[in-house]
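Taking it in order: structure first as structure tokens, then the write-up.
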Amino acid sequence: MHASRSRRGGATFQIREECERFFCETMNTVFQGERNMASNGSCLTGVNFALTPPDDYPTPPSSLLNSVIKPAVNVGGWIEFWDYAGGASFRAFIAQEGDEKSLFAFFDSGLIGRDLKQALIALIELADVPLGCSHVVICVDRLMPDDYEKALMRSLQWVGFDLTTLDHWAKAVDVTSDKWLFMGMEI
């Protein structure tokens with residue numbers, strides 16, 4: 001019984017952890033409501049000593065609660081995608097806001113030299129019908145060799161993807177990443 005309990009959700013948790021490992025600080029803020037709080041200093045700046053307030057003193061809202069950003073959208077699912085014909089595999093997740101879903105797929109340097117044509121077609125079809133997504137966003141690793149990155153981006157543009165930002169999901173302007181270039185397509 002212990003063995004079955006320890007395996008429960010194992011692959012699911014691993015896929016989620018692998019996807020979250022790809023998240024940069026920008027994506028953590030947009031999709032998980034997290035940000036690096038280390039550089040923000042203490043929430044008690046300027047407090048020289050503490051006095052216990054009277055019992056009837058109203059408790060002010062916590063400044064720490066106000067500094068945590070709520071996610072603009074929820075992550076509704078995590079995917080590990082395998083294309084056995086082309087030899088490609090990558091991680092993806094589904095972002096959901098209300099009834100609108102978007103599929104985000106990470107294309108990192110592990111895809112260099114792989115035939116992505118069939119995988120890309122299957123990814124778009126998966127996002128469209130079974131998952132009901134209205135957007136597909138490919139997250140292209142900025143650390144890929146320049147020649148491969150340019151060729152991949154040209155191929156994605158030929159299929160119908162355009163450079164984009166996370167503005168639509170973050171409800172802000174010019175939300176970009178230092179780690180990823182975003183190529184989006186409406187379906």
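Worth saying up front: this structure is predicted, and the values here are computed from it rather than measured.
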Minimum heavy-atom distance between Val175 and Asp167, given as atom pair plus value: N-OD1, 2.7 Å
Exercise: identify the closest heavy-atom pair between Ala92 and Ala105: CB-CA, 3.9 Å
Sorted by chain and number, sequence neighbours left out, side chain to side chain contact (heavy atoms under 4.5 Å, CB included) with Val75 holds for Phe31, Trp78, Phe93
Just how far is it from atom CD of Glu97 to atom CG of Asn74, taken to the nearest 0.5 Å? 8.5 Å
For the side chain of Thr26 and the backbone of Thr176, is there at least one donor-acceptor N/O pair under 3.5 Å apart? yes
Honestly curious: do Ile112 and Trp82 fall in one hydrophobic cluster under the side-chain, below-4.5 Å linking rule? no
Residues in side chain to side chain contact (heavy atoms under 4.5 Å, CB included) with Arg114, at least two apart? Ala88, Leu116
To the nearest 0.5 Å, how far apart are CG in Leu123 and CG in Asp83? 10.5 Å
Looking only at heavy atoms, the pair that brings His168 and Lys171 closest together is O-NZ, 2.9 Å
Measure the CZ-CZ distance between Phe161 and Phe182 for me, rounded to the nearest 0.5 Å. 14.0 Å
What about Phe81 and Phe90, are their ring centers closer than 6.0 Å? yes
Quick one: OG1 on Thr164 to CD1 on Ile138, what's the gap to the nearest 0.5 Å? 12.5 Å
Using the rule that two of Ile, Leu, Val, Met, Phe, Trp, Tyr join whenever any of their side-chain heavy atoms come within less than 4.5 Å, decide whether Leu163 and Met185 are in one cluster. yes
Quick one: closest heavy-atom pair of Val140 and Met183, and the distance? CG2-CG, 4.1 Å
Would you find a donor on one side and an acceptor on the other, under 3.5 Å apart, between the side chain of Arg142 and the backbone of Trp180? yes
With Asp162, which residues qualify under side-chain hydrogen bond (donor to acceptor under 3.5 Å, both in side chains), at least two apart? none
Within residues 117-128 or reaching into it, pairs that qualify as side chain to side chain donor-acceptor pair (under 3.5 Å) - sequence neighbours excluded: none
Gap separating the CG atom of Leu166 from the SG atom of Cys139, nearest 0.5 angstrom: 7.5 Å
Report all side-chain donor-acceptor pairs from residues 146-160 shorter than 3.5 Å, counting only partners two or more places apart or in another chain.
from, atom 1, to, atom 2, distance (Å)
Tyr148, OH, Leu111, O, 3.1
Ser155, OG, Ala151, O, 3.1

Output the distance between atom CD (Glu100) and atom CH2 (Trp169), rounded to the nearest 0.5 Å. 8.0 Å
Output all residues satisfying side chain to side chain contact (heavy atoms under 4.5 Å, CB included) with Ile94, sequence neighbours left out; order by chain, then residue number. Ile79, Lys101, Leu103, Leu131, Cys133
